[in-house]
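Presented below is the structure to which this report refers.
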Amino acid sequence: MFKIATWNVNSLRVRLAHVLAWLTAEQPDVLAIQETKLTDDAFPIQEFAGIGYLAAFTGQKTYNGVAILSKYPGQVIATALPAYPDPQKRLLCVEFNGVCVLNLYVPNGSEVGSEKYRYKLEWLSHLKGYTDDLLRNYPKCVVLGDFNIAPTDADVHDPQEWTGKVLCSGPEREAFFKLVHSGLVDCYRLFPQQEPAYSWWDYRAAGFRRNRGLRIDHILAATELAQHCKSCRIDIAPRKLERPSDHAPVVAEFEVWT
DNA sequence: ATGGTAGTTCAACTA
């Protein structure tokens, strides 16, 4: 079994103990994390090595920053969108023995119509070009991370309240499905899910306690790889801890084949 | 229609 997960940790400095505990308990082969908010010189390599994980990372001060933790070494393929120079560290692609893992922290977009919203759509359009290339070179591709997009109303606690708002707007959803429909599958929707399950809840207004959430963190697998996906779930346990991230991990398991 | 909280950094930005 190949077990892979994504988790926006919202500061690795603050969340390190949570991440170490979760890795130790869950033992995924690969964990993609977002919003490390750490420069590369400050990345806690030793702490992860201590529990048997290697780390690839690209970070910056204060904002953004992505990393891929893994039980075995991989090859870094990219730390940015090749055709889109961007000082914001939001992308890391690592190959593990033919399986390509693309970790994304998609721009939040702030507000529909804002400069940050335009940046988000532009970023997503360049991402589409990149994943098209990647899927040609690596048929076994997993694209995962914080997409900052709730794909459908089923992924939103109150679709009426969120209609047309950032994270749920038409252009964002179109960009998401454009990406997915060119050779990827949303692993979470491969399986019947018990109840509306979200991956992010606003810290404000007791969002988690009232289960006012959105499913904006995703694991997408290349079509053929998706046929070997055995499970996909959201683990809300870490969201219940003291000083949690506002996101919960999403976990998928694939049967290994040759 | 605004605000609520959290992280980084220390006033203001991002989410």
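Since we're looking at a predicted model, the values are computed, not measured. All heavy atoms count here, side chains included; hydrogens, waters and symmetry mates do not.
- In this structure, the OH atom of Y119(A) is 15 Å from the C1' atom of dC13(B), given to the nearest Å.
- Residue E35(A) has its side chain nearest to dA15(B) when only dA15(B), dC13(B), dT8(B) are considered.
- Neither OP1 nor OP2 of dA15(B) sits under 4.0 Å from any side-chain N or O of S110(A).
- A sub-4.0 Å separation between OP1 or OP2 of dG7(B) and a side-chain N or O of R15(A) is present.
- Residue Y63(A) places its side chain closer to dT14(B) than to any other of dT14(B), dA15(B), dT8(B).
- Residues forming a side-chain contact (heavy atoms from CB on, under 4.5 Å) with S231(A) (at least two apart in sequence, or on another chain): E253(A).
- Rounded to an integer number of Å, the gap from D246(A) CG to dT14(B) C1' is 11 Å.
- The pair D155(A)-R173(A) does not meet the salt-bridge criterion, since no charged nitrogen lies less than 4.0 angstrom from a carboxylate oxygen.
- Taking atom CD of residue E111(A) and atom C1' of nucleotide dC13(B), one finds them 15 Å apart after rounding to whole Å.
- To the nearest angstrom, P of dG7(B) lies 14 Å from CG of L16(A).
- Atom pair N8(A):CG and dT14(B):P shows a separation of 17 Å (rounding to whole Å applied).
- Nucleotides dA1(B) and dC13(B) have their P atoms positioned 24 Å apart, rounded to a whole Å.
- Rounded to whole angstrom, the span from the CD atom of Q34(A) across to the C1' atom of dT14(B) amounts to 16 Å.
- Other residues sharing a hydrophobic cluster with L54(A) under the 4.5 Å side-chain heavy-atom criterion for ILVMFWY residues do not exist; the residue is a singleton.
- Nucleotides dC10(B) and dT14(B), compared at atom C1', are 15 Å apart to the nearest Å.
- Residue K61(A) has no polar side-chain atom (N or O) positioned under 4.0 Å from OP1 or OP2 of dT8(B).
- Comparing Y105(A) and L12(A) against DNA chain B, the residue whose closest nucleotide sits nearer the 5' end is L12(A).
- Residues of residues 199-218 of chain A having a heavy atom closer than 4.0 Å to DNA chain B, listed by number: Y203(A), R204(A), A205(A).
- Under a 4.0 Å N-O distance rule, the pair R136(A)/D132(A) does not qualify as a salt bridge.
- We find that NZ of K89(A) is positioned 19 Å from C1' of dT8(B), with the value rounded to whole Å.
- In this structure, F191(A) belongs to a hydrophobic cluster whose other members, linked by side-chain heavy atoms under 4.5 Å apart, are V185(A), L190(A).
- In this structure T24(A) satisfies the side-chain contact (heavy atoms from CB on, under 4.5 Å) test together with I51(A), sequence neighbours excluded.
- In this structure, the CG atom of L38(A) is 14 Å from the P atom of dG7(B), given to the nearest Å.
- Closest to the R243(A) side chain, of the nucleotides dG7(B), dT8(B), dA15(B), is dG7(B).
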Please set out all donor-acceptor pairs under 3.5 angstrom arising from side-chain atoms of residues 12-22 of chain A, sequence neighbours excluded.
residue	atom	partner	partner atom	Å
R15(A)	NE	V9(A)	O	2.9
R15(A)	NH1	R243(A)	O	2.7
R15(A)	NH1	P244(A)	O	3.3
R15(A)	NH2	N10(A)	O	2.7
H18(A)	NE2	E242(A)	O	3.2
W22(A)	NE1	D235(A)	OD2	2.8

